[in-house]
Amino acid sequence: MTTTEKHSPTAAGSGASATESFRRASAEGGAAVDPQRVDAVVRAVLEGVHAAIRTHEVTYAEFQAAKKWLIEVGEGGEWPLFLDVFVEHVVEEVAAETQQGTKGSILGPYYLPGQRRLPSPATLPQRPDEGGTPLVFTGQVRDVDGNPVAGAELDIWQADEQGYYSGFAPDIPDGNLRGVVAADDTGRFEITTVRPAPYQIPTDGPTGALCAAAGWEPWRPAHLHLLVRAPGHRQITTQLYFQGGEWLDADIAGATKPELVLDPQPQADGRLRAEYDFVLEPVA
Ligand code: MBD
Ligand code: FE
């Protein structure tokens with residue numbers, strides 16, 4: 001490995017970590033396999049593929065290129081990345097039809113459980129020379145009737161000023177810009193962090209190659225990821241974006257919603273301050 005390779009993230013490196021992390025999280029998971037449902041859903045997926053081949057008169061050369069690319073997605077560990085970028089937003093939209101409270105968004109491939117628990121007011125773990133404009137993020141967790149919720153936690157993770165996530169890029173300490181912040185007993189929280197950069201899909205892997213081949217911009221707007229939970233309430237998985245931020249209207253992952261945009265205001269001390277209140281529905 002050369003020095004440059006060691007210090008800049010590679011698609012294969014973050015892909016392998018994301019695949020490993022997904023396997024760990026879903027070790028006991030898996031939906032019940034009702035043959036009728038497998039038949040209905042998989043049949044519909046295959047019919048969609050068949051229709052695309054007929055409509056666009058796909059050639060043998062193109063079919064073989066597709067096979068080669070699919071093999072590379074697996075070998076590069078990019079199934080979590082590819083599926084979360086191009087498919088998860090629709091699964092989330094279907095789930096959202098039966099959900100109340102704060103809008104959800106996709107989980108994405110870079111969540112890591114078990115991060116440091118920090119009482120509010122909290123500062124997310126960061127390097128002494130962490131880049132990026134300091135950001136103070138405050139708000140309150142309430143129930144659907146507007147009452148403060150006790151025992152709320154905000155499990156938060158984000159990219160750094162270069163758009164990289166700890167755990168998925170070399171040279172970033174484990175747990176950097178990640179934490180589980182405990183709100184106070186009226187649901188209020190204050191989290192000091194830095195403003196993240198937009199995220200670019202690695203250009204040196206198969207998902208990036210697909211974007212280049214299709215002429216798609218491989219970018220997500222800057223965002224904070226959050227799981228917000230409290231006893232007796234449904235956990236929400238969401239993301240918060242930044243008003244006026246680049247790619248806000250062109251998210252490759254199709255995961256922005258107008259209700260999920262922060263409008264940070266610069267303070268006299270040079271820090272940004274943003275406020276957002278979360279609404280949790282009771283467990284079903
Ligand atoms: C991300 O940071 C992300 O949030 C998603 C959904 C997909 C790829 C990278
Ligand atoms: Fe992300």
Side-chain angles (χ1 to χ4, degrees), residues 8-22 25-26 73 76-96 102-113 115 124 126 132 135 137 154-170 172 175-180 191 193-212 214 216-228 236-242 245-257 260-262 276:
S8 49
T10 61
S14 60
S17 304
T19 297
E20 160 71 8
S21 153
F22 174 79
S26 61
V73 174
E78 283 201 355
W79 280 118
L81 176 68
F82 175 82
L83 290 169
D84 294 354
V85 166
F86 292 111
V87 180
E88 187 182 358
H89 72 100
V90 187
V91 181
E92 195 286 323
E93 282 160 24
V94 169
T102 299
K103 298 283 182 201
S105 186
I106 64 181
L107 178 69
Y110 300 141
Y111 174 63
L112 292 172
Q115 299 301 316
L124 292 190
Q126 48 190 272
L135 168 69
F137 171 50
L154 294 90
D155 197 338
I156 181 167
W157 70 104
Q158 63 170 93
D160 68 9
E161 191 208 16
Q162 298 205 81
Y164 298 133
Y165 286 85
S166 63
F168 300 91
I172 306 179
N176 205 64
L177 299 178
R178 297 173 180 271
V180 180
I191 302 167
T193 181
V194 296
R195 185 183 164 130
Y199 170 85
Q200 184 180 27
I201 292 176
T203 51
D204 59 330
T207 307
L210 170 67
C211 293
W216 300 337
E217 295 283 5
W219 290 92
R220 298 211 60 220
H223 54 279
L224 304 174
H225 288 271
L226 292 131
L227 306 180
V228 184
I236 56 171
T237 301
T238 196
Q239 299 184 29
L240 294 172
Y241 303 92
F242 295 86
E246 221 184 342
W247 310 110
L248 191 57
D249 300 315
D251 181 7
I252 186 82
T256 64
K257 297 184 184 182
L260 298 177
V261 181
L262 297 172
Y276 200 86

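Order of listing sets the numbers, starting from 1, for every ligand and every atom in it.
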Enquirer: Using side chain to side chain contact (heavy atoms under 4.5 Å, CB included), reason through T102 and V228 one step at a time and then give a plain yes or no.
Expert: CA-CA 10 Å; T102 299; V228 184; over 6 Å; no
Enquirer: Please check if the side chain of S105 supplies one atom and the backbone of A255 the other of a donor-acceptor pair under 3.5 Å.
Expert: yes
Enquirer: Considering the heavy atoms of V85, write down every atom of ligand 1 situated less than 4.0 Å from one of them.
Expert: 7 (C), 8 (C)
Enquirer: So which heavy atom in the protein is nearest atom 3 (C) of ligand 1, and how far is it from that ligand atom?
Expert: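 Residue, atom and distance for the closest contact: R220 NH1, 3.4 Å.
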Enquirer: Counting heavy atoms only, which part of E88 comes closer than 4.0 Å to ligand 1: side chain, backbone, both or neither?
Expert: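 It is neither part, as no heavy atom is under 4.0 Å.
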Enquirer: Using a strict cut-off of 4.0 Å, indicate which atoms of ligand 1 neighbour a heavy atom of I106.
Expert: 6 (C)
Enquirer: Any N or O on Y110 sitting closer than 3.5 Å to an N or O of ligand 1?
Expert: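 No, Y110 has no N/O under 3.5 Å of an N/O on ligand 1.
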Enquirer: Out of P109, S14, A253, who gets a non-hydrogen atom closest to atom 7 (C) of ligand 1?
Expert: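 That would be P109.
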Enquirer: Quick check on the 6.0 Å ring-centre criterion: do W216 and F86 meet it?
Expert: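 Yes.
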Enquirer: Test side-chain hydrogen bond (donor to acceptor under 3.5 Å, both in side chains) on D84 and Y110; report intermediate values, then the result.
Expert: CA-CA 10 Å; D84 294 354; Y110 300 141; over 6 Å; no
Enquirer: Just so I know, are the side chains of L135 and F242 near enough to count as touching, which here means a heavy-atom distance under 4.5 Å?
Expert: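 In short, these two side chains touch, coming nearer than 4.5 Å.
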Enquirer: Which one holds for I201 and ligand 1: side chain close, backbone close, both close, or neither close, with close meaning a heavy atom under 4.0 Å?
Expert: neither
Enquirer: Would you find a donor on one side and an acceptor on the other, under 3.5 Å apart, between the side chain of D204 and the backbone of A11?
Expert: yes
Enquirer: Return yes or no for this condition: an N or O of D84 is under 3.5 Å from an N or O of ligand 1.
Expert: no
Enquirer: Would a 4.5 Å heavy-atom cut-off, applied to side chains only, mark L224 and Y276 as touching?
Expert: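 L224 does not reach Y276 side chain to side chain.
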Enquirer: Which atom, among the N/O/S set of H223, is closest to the Fe ion (ligand 2)?
Expert: NE2
Enquirer: Hey, is the main chain of T238 close enough, under 3.5 Å, to the side chain of K103 for a donor-acceptor pair?
Expert: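 Side chain of K103 to backbone of T238: no pair is present.
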Enquirer: With respect to the Fe ion (ligand 2), please indicate if Y165 possesses an N, O or S atom at a distance under 2.8 Å.
Expert: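 A backbone or side-chain N, O or S atom of Y165 is under 2.8 Å from the Fe ion (ligand 2).
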Enquirer: Atom 2 (O) of ligand 1: which protein heavy atom is closest, and how many Å away?
Expert: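 Minimum-distance protein heavy atom for atom 2 (O) of ligand 1 reads Y165 OH, 2.9 Å.
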Enquirer: What residue and atom, counting heavy atoms only, is the protein's closest point to atom 9 (C) of ligand 1, and at what distance?
Expert: Y199 CE2, 3.2 Å
Enquirer: L81 heavy atoms, cut-off 4.0 Å: which ligand 1 atoms fall inside?
Expert: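 Heavy-atom distances to L81 below 4.0 Å select 8 (C).
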Enquirer: Given side chain to side chain contact (heavy atoms under 4.5 Å, CB included), test E217 with I252 step by step and report yes or no.
Expert: CA-CA 7 Å; E217 295 283 5; I252 186 82; over 6 Å; no
